[in-house]
Peer 1: 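Mind looking over this structure? Questions follow.
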Amino acid sequence: MARLDLHTHSTCSDGTRPPEWVVQQAADNGVELIALTDHDTLAGVKAARGAARQTGIDLIAGVEISVSDPDLGELHVLGYFAPSAQLDELERQLTRYREERKSRARRTVKRLHALGMPVEYESVMDIAGRASIGRPHVARAMVEAGHVESVQEAFDRYLHNGGPAYVPRTLLSLSDSLDMIHRTGGFSSLAHPTRYDDPVGATQAFAAAGGRGLEIFYRNDTPDEIANGEQLAQRLGLVATVGSDFHGLHPSELGPGTVPMPEHQATRIMQILKDLSP
């Protein structure tokens, strides 16, 4: 059984469900602890915290930060923080970071126009609302404009890394992102290592920069991928974490709190997160 889920998204970034729904669904699935980890924002934490109190489960404030490595490309780092942590300075830094997301969305829209698929930036912004804007919002605008039939098709044909409508971002370095998390008393984990071109290289770079956890148990990873991750984490001194990476964008997605993790590993990371400094 999954006792925790440390990687979920809501409408405060590129998810399709509000924070309260994500927490309630996780509780319905038997989770004891959940982290809301929206992209570059902590905006959903307050609402998620209220829902967690009502459902009787614990909530960890979290965030997912995209970073750039000169050799490995784009990596994603998860940060987790104590309930009483002072996150105002972190939120100010993330606010500046989100402005770059808007610039990227504008450039992506221009790229789509050049490809003969006009999408209005205002439509993308309407879909995003107050959320931290991302490629899924552009994809949904493409569906609404009739250029593709689904968000998945938009990514598969145009928006994937290196795709014809892909626009790279100006990102923090790996070391800067870890410093941002650890300076606030947080715990860092490398998100979905199996999704990178070089999972071993990405994990080694993360560990060398001072990272502390590794998302070994990740939605549809195979037993071999999990076993390799466990061996690598043990060798590098990283703690196992678990995440569904729930967005609600695809019908086949696993729901919040449905990725299993062995009991002894779940107990270890839960204790680490509960002991975080404020």
Peer 1: Using modelled atom types and a 3.5 Å cut-off, is there a donor and acceptor pairing between side-chain atoms of S68 and backbone atoms of L174?
Peer 2: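 Checked: no pair found.
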Peer 1: Just wondering, do T108 and L159 contact through their side chains at under 4.5 Å, heavy atoms?
Peer 2: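 Result yes, sub-4.5 Å side-chain heavy-atom pair found.
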Peer 1: About how many Å separate CG of D126 and CD of E120, when rounded to the nearest 0.5 Å?
Peer 2: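 CG of D126 is found 11.0 Å from CD of E120.
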Peer 1: Do the two ring centres, one from H160 and one from F155, sit under 6.0 Å apart?
Peer 2: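 Not under 6.0 Å, so no.
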Peer 1: Please tell me if the side chains of I181 and F187 come closer than 4.5 Å, counting only heavy atoms from C-beta onward.
Peer 2: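 SC-SC contact between I181 and F187 ruled out.
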Peer 1: Is it the case that the side chain of E253 and the backbone of L249 share a donor-acceptor pair, with hydrogens and angles ignored and the cut-off at 3.5 Å?
Peer 2: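 Yes, E253 side chain to L249 backbone: donor-acceptor pair under 3.5 Å.
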Peer 1: Measure the CG-OG distance between L254 and S244 for me, rounded to the nearest 0.5 Å.
Peer 2: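 Result: 7.5 Å between the selected atoms.
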Peer 1: Does the pair K102/E99 count as a salt bridge with the N-to-O cut at 4.0 Å?
Peer 2: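 A salt bridge is present here (some side-chain N lies under 4.0 Å from a carboxylate O).
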Peer 1: Less than 3.5 Å apart, any donor N or O on the side chain of Q54 or Q24 sitting next to an acceptor on the other?
Peer 2: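 No, because no side-chain N or O of Q54 sits under 3.5 Å from a partner of the opposite role on Q24.
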Peer 1: Counting only N and O atoms by type, is there a donor-acceptor contact under 3.5 Å from the side chain of D198 to the main-chain atoms of G201?
Peer 2: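 Yes; at least one donor-acceptor contact below 3.5 Å.
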Peer 1: Once rounded to the nearest 0.5 Å, what's the spacing between atom CG of L178 and atom OG of S188?
Peer 2: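 Answer for the CG-OG pair, L178 versus S188, is 5.0 Å.
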Peer 1: Between the main-chain N or O of H264 and the side-chain N or O of T267, is there a donor-acceptor pair closer than 3.5 Å?
Peer 2: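 The answer is no, because no donor-acceptor pair under 3.5 Å joins these two groups.
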Peer 1: Given 3.5 Å as the limit, does a donor-acceptor pair link the side chain of Q25 with the main chain of V22, or not?
Peer 2: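 Flag not set: sc Q25 to bb V22 has no pair under 3.5 Å.
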Peer 1: Output the distance between atom CZ (R106) and atom OG (S103), rounded to the nearest 0.5 Å.
Peer 2: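 Result: 8.5 Å between the selected atoms.
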Peer 1: Do the rings of W21 and F246 sit parallel, tilted or perpendicular, given the 30° and 60° boundaries?
Peer 2: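 It falls in the parallel class, under 30°.
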Peer 1: Are V239 and V242 grouped together when hydrophobic residues (ILVMFWY) are joined by side-chain heavy atoms under 4.5 angstrom apart?
Peer 2: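 Same cluster: V239 reaches V242 through Ile, Leu, Val, Met, Phe, Trp or Tyr contacts under 4.5 Å.
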Peer 1: Do I269 and T241 come within less than 4.5 Å of each other through their side chains, counting heavy atoms only?
Peer 2: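 Yes. Closest side-chain heavy atoms under 4.5 Å.
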Peer 1: With no hydrogens and no angle check, do the side chains of E215 and H7 hold a donor and an acceptor under 3.5 Å apart?
Peer 2: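 E215 vs H7: donor-acceptor pair found between side chains.
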Peer 1: Does R195 come within less than 4.0 Å of D221, counting only side-chain N to carboxylate O?
Peer 2: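 Answer for the salt bridge query: yes.
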Peer 1: Please determine which of R3, K274, R49 meets the salt bridge (charged side-chain N to carboxylate O under 4.0 Å, His left out) test together with D58.
Peer 2: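 Answer after filtering R3, K274, R49: K274.
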Peer 1: Between R98 and T95, is any side-chain donor less than 3.5 angstrom from a side-chain acceptor?
Peer 2: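 Yes, because at least one side-chain N or O of R98 sits under 3.5 Å from a partner of the opposite role on T95.
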Peer 1: According to a hydrophobic-cluster definition based on side-chain heavy atoms being under 4.5 Å apart (Ile, Leu, Val, Met, Phe, Trp, Tyr only), do M125 and Y97 belong together?
Peer 2: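 Different clusters: M125 never reaches Y97 through Ile, Leu, Val, Met, Phe, Trp or Tyr contacts under 4.5 Å.
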Peer 1: Is E20 salt-bridged to R53, going by a charged N under 4.0 Å from an acidic O?
Peer 2: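 Looking at R53 together with E20, the answer is no, because their closest N to O distance does not fall below 4.0 Å.
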Peer 1: Check residues 75-83 and write down every donor-acceptor pair under 3.5 Å in which the side-chain atom is one partner and the other belongs to a residue at least two apart or another chain.
Peer 2:
unit_1	atom_1	unit_2	atom_2	d
H76	ND1	E64	OE2	2.9
H76	NE2	S66	OG	3.4
H76	NE2	E74	OE2	2.8
Y80	OH	L6	O	2.6

Peer 1: Going by atom types only, do H9 and D245 share a side-chain donor-acceptor pair under 3.5 Å?
Peer 2: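 There is such a pair (donor and acceptor under 3.5 Å, judged by atom type) between the side chains of H9 and D245.
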Peer 1: Please check if the side chain of S10 supplies one atom and the backbone of C12 the other of a donor-acceptor pair under 3.5 Å.
Peer 2: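 A pair under 3.5 Å: yes.
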Peer 1: Do H147 and V119 come close enough that some side-chain heavy atom pair is under 4.5 Å?
Peer 2: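 Yes - at least one pair of side-chain heavy atoms lies under 4.5 Å apart.
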Peer 1: Salt bridge check, R169 against D40: does any charged N sit closer than 4.0 Å to a carboxylate O?
Peer 2: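 Judged by the 4.0 Å cut-off on N to carboxylate O distance, D40 and R169 do form a salt bridge.
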Peer 1: Any chance you could measure R96, atom CZ, to R92, atom CZ, to the nearest 0.5 Å?
Peer 2: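 R96 atom CZ to R92 atom CZ measures 8.5 Å (nearest 0.5 Å).
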Peer 1: Any side-chain heavy-atom pair from Q265 and E230 closer than 4.5 angstrom?
Peer 2: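 Touching, per the 4.5 Å side-chain cut-off.
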Peer 1: With a 3.5 Å distance limit and no angle check, can you tell me whether D69 reaches the backbone of D71 through a side-chain donor-acceptor pair?
Peer 2: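 Judged by distance alone, yes, a pair lies under 3.5 Å.
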Peer 1: Whether the D14 and H137 side chains hold a donor-acceptor pair (N or O, under 3.5 Å, no angle test) is what I'd like checked.
Peer 2: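 D14 vs H137: no donor-acceptor pair found between side chains.
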Peer 1: Would you say L190 ends up clustered with L273 if hydrophobic residues are merged whenever their side chains have heavy atoms under 4.5 Å apart, either directly or through other cluster members?
Peer 2: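 Same hydrophobic cluster.
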Peer 1: With a 3.5 Å distance limit and no angle check, can you tell me whether D5 reaches the backbone of L33 through a side-chain donor-acceptor pair?
Peer 2: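 Absent.
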Peer 1: Starting at NE2 of H247, measure out to OG1 of T8 and round the result to the nearest 0.5 Å.
Peer 2: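 Answer for the NE2-OG1 pair, H247 versus T8, is 9.5 Å.
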